[in-house]
Structures are given as C-alpha cells and as structure tokens.
Amino acid sequence: STFCKMIVAEQHVKPTSKVIQPIDVGGIAGGEKYSIHGLFFKYPVDTRFNNNNWLYGGNNKDNNLAAKASNHDLNGLVYCSLADENIDLNFPMMSLLDYQGFRMVVMTYLPISKKSLIYGSNDGGKKFHDNKRVKKILEEIGNNLNLANHKISKTPS
C-alpha cells in the first residue's frame, strides 16, 4: 500500500518529476500504469481520445467511472477464472486498493509485451489479434457464463 499512497500523492506531479515513473504498455483504458517490485499497478483515470472525447465520461472527464470499470475488471477476472473448467488459461492475482477516495489496481506482473498479445487489441481497436486456439477457449468460457458471441467493429475516429 506504500506504493499506492505514493502514486496517489504524486497524481498532480508532471510524469518526469515523479518518484515512481509511469510506464507505457499500450492501450488507452486503465489510466497510468506502473511496474514496481514485480507488481503491476494501474491508477484508473478517465483518458482522452478521439477528438477530445473521454473514454468513460464522454464529453466530460469522469474518474469515478474509470474506477468503477476497475471493479468490473476484477469481477470479470474472477468469473472467467471460475468458468475456465479445463484450466486452459492463467490469470494474474488482482486486488483493488482504495486510498483517500482514489482507486488503485494491483496485480502480479505478467511477462507480456506488445509482441506477446495474441488475442484482443492494445490500441483501442485499430488492430485486432485473433488467435484461433485462444478464441475457442474464450468461447467455451463465454458459454459457461451464458454469454453470447459478438462481433468486434472499429469505432469511427
């Protein structure tokens, strides 16, 4: 929790002056990201994209909705790990920490890079990676959760 306190305390400090430097791992959701002692921290804040629109708040910045999305991330992780009956996938340990009204997501570090992504998108849907084996596993998990398939389409920029 010491690292969470420091990240929250430095929220208004410009990135180059922070004691704990944010890292760029791609993606637009999740806010600022940090890697500290084998743990991956996400400080969920609303992110600007697509001609000044906000990812969660639309026309107005809404960090509360970004924090709520983190709660959904944790719920999704729990449900998916329980629905993965054949234990085909590995899931990180994940926790939410709330400090002085700010939320922090902390999870075990996964040895991934921009090149290791085989299913999904790390650029807001501009490019989608579609591994057939992983797709089949995710379809089985979705079936176990009574979720229907849906198509992914690009949003206009």
Side-chain angles (χ1 to χ4, degrees), residues 1-84 89-131 134 138 141-142 145 147 150 152-157:
S1 68
T2 301
F3 299 118
C4 292
K5 290 177 183 178
M6 188 176 296
I7 292 168
V8 169
E10 293 187 329
Q11 65 182 311
H12 300 294
V13 175
K14 62 183 178 180
T16 55
S17 300
K18 292 183 179 190
V19 173
I20 302 174
Q21 293 288 305
I23 59 173
D24 180 14
V25 293
I28 58 172
E32 288 187 339
K33 291 127 180 135
Y34 302 84
S35 179
I36 310 163
H37 295 298
L39 296 174
F40 184 68
F41 292 75
K42 292 194 311 184
Y43 181 42
V45 292
D46 207 352
T47 307
R48 211 176 263 231
F49 81 107
N50 191 14
N51 299 327
N52 295 327
N53 288 324
W54 295 92
L55 181 62
Y56 297 103
N59 292 328
N60 301 304
K61 184 175 185 175
D62 193 334
N63 289 335
N64 289 326
L65 290 178
K68 287 180 181 181
S70 298
N71 192 42
H72 293 299
D73 290 344
L74 178 60
N75 288 336
L77 177 87
V78 170
Y79 287 125
C80 286
S81 65
L82 293 173
D84 186 14
L89 300 176
N90 295 310
F91 297 93
M93 290 188 289
M94 180 178 182
S95 177
L96 300 180
L97 297 174
D98 292 322
Y99 174 68
Q100 293 185 346
F102 298 97
R103 173 151 297 164
M104 189 73 57
V105 179
V106 184
M107 65 182 79
T108 52
Y109 188 80
L110 299 173
I112 59 175
S113 68
K114 291 181 181 180
K115 295 180 181 179
S116 65
L117 180 64
I118 60 172
Y119 194 86
S121 175
N122 65 347
D123 61 5
K126 294 176 186 166
K127 181 178 181 185
F128 189 85
H129 304 269
D130 188 12
N131 179 284
V134 173
L138 292 176
I141 290 172
L145 294 171
L147 298 172
H150 66 277
I152 304 293
S153 61
K154 291 184 179 179
T155 49
S157 38

Looking at every non-hydrogen atom in both residues, tell me the closest pair between [X] and [Y] and how far apart they are.
X: C4; Y: F41; answer: SG-CE2, 3.7 Å
X: A66; Y: P44; answer: O-CB, 3.7 Å
X: T16; Y: Q21; answer: O-NE2, 3.6 Å
X: L55; Y: F49; answer: CA-CE2, 3.4 Å
X: L96; Y: S70; answer: CD2-O, 4.0 Å

Pair L77-M107, side chain to side chain contact (heavy atoms under 4.5 Å, CB included): steps then yes or no: CA-CA 11 Å; L77 177 87; M107 65 182 79; over 6 Å; no
Greater than 12 external heavy atoms within 6.0 Å of N59's CG: no
Would you say that more than 12 heavy atoms from the other residues, nucleotides or ligands in this model lie under 6.0 Å from the CG of N90, or not? no
Could you state the interatomic distance from [atom1] ([X]) to [atom2] ([Y]), rounded to the nearest 0.5 Å?
X: F102; Y: N63; atom1: CZ; atom2: CG; result: 8.0 Å
X: I7; Y: K42; atom1: CD1; atom2: NZ; result: 13.0 Å
X: K61; Y: T47; atom1: NZ; atom2: OG1; result: 8.5 Å
X: F3; Y: L39; atom1: CZ; atom2: CG; result: 8.0 Å
X: S81; Y: I141; atom1: OG; atom2: CD1; result: 9.0 Å

Just distance, no hydrogens or angles: give the donor-acceptor pairs under 3.5 Å from side chains in residues 29-38, sequence neighbours left out.
| unit_1 | atom_1 | unit_2 | atom_2 | d |
| --- | --- | --- | --- | --- |
| E32 | OE1 | K18 | NZ | 3.0 |
| E32 | OE1 | Y34 | OH | 2.4 |
| E32 | OE2 | K18 | NZ | 3.4 |
| K33 | NZ | A29 | O | 2.8 |
| K33 | NZ | G31 | O | 3.1 |
| Y34 | OH | K18 | NZ | 3.4 |

Do the side chain of T108 and the main chain of M93 share a donor and acceptor less than 3.5 angstrom apart?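 Checked: pair present.
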Check: G57 main-chain N/O paired with D46 side-chain donor or acceptor under 3.5 Å: yes
[X] side chain near [Y] side chain, heavy-atom distance below 4.5 Å:
X: Y43; Y: V8; answer: yes
X: Q11; Y: V45; answer: no
X: V134; Y: H129; answer: no

For D62, which residues count as a salt bridge (Lys or Arg N to Asp or Glu O under 4.0 Å) partner, sequence neighbours excluded?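 Result, salt bridge (Lys or Arg N to Asp or Glu O under 4.0 Å) vs D62: none returned.
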Looking at residues at least two apart in the chain, or sitting in another chain, which of them share a salt bridge (Lys or Arg N to Asp or Glu O under 4.0 Å) with D84?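 For D84 there are no salt bridge (Lys or Arg N to Asp or Glu O under 4.0 Å) partners, ignoring immediate neighbours.
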Once ring-ring contact (aromatic ring centres under 6.0 Å, His included) is applied, do any residues pair with Y119, and if so which ones, sequence neighbours excluded? F128
For L82, what residues pass the side chain to side chain contact (heavy atoms under 4.5 Å, CB included) criterion, not counting sequence neighbours? V78
Please list, chain by chain and in numerical order, all residues satisfying side chain to side chain contact (heavy atoms under 4.5 Å, CB included) with D98, sequence neighbours excluded. R103
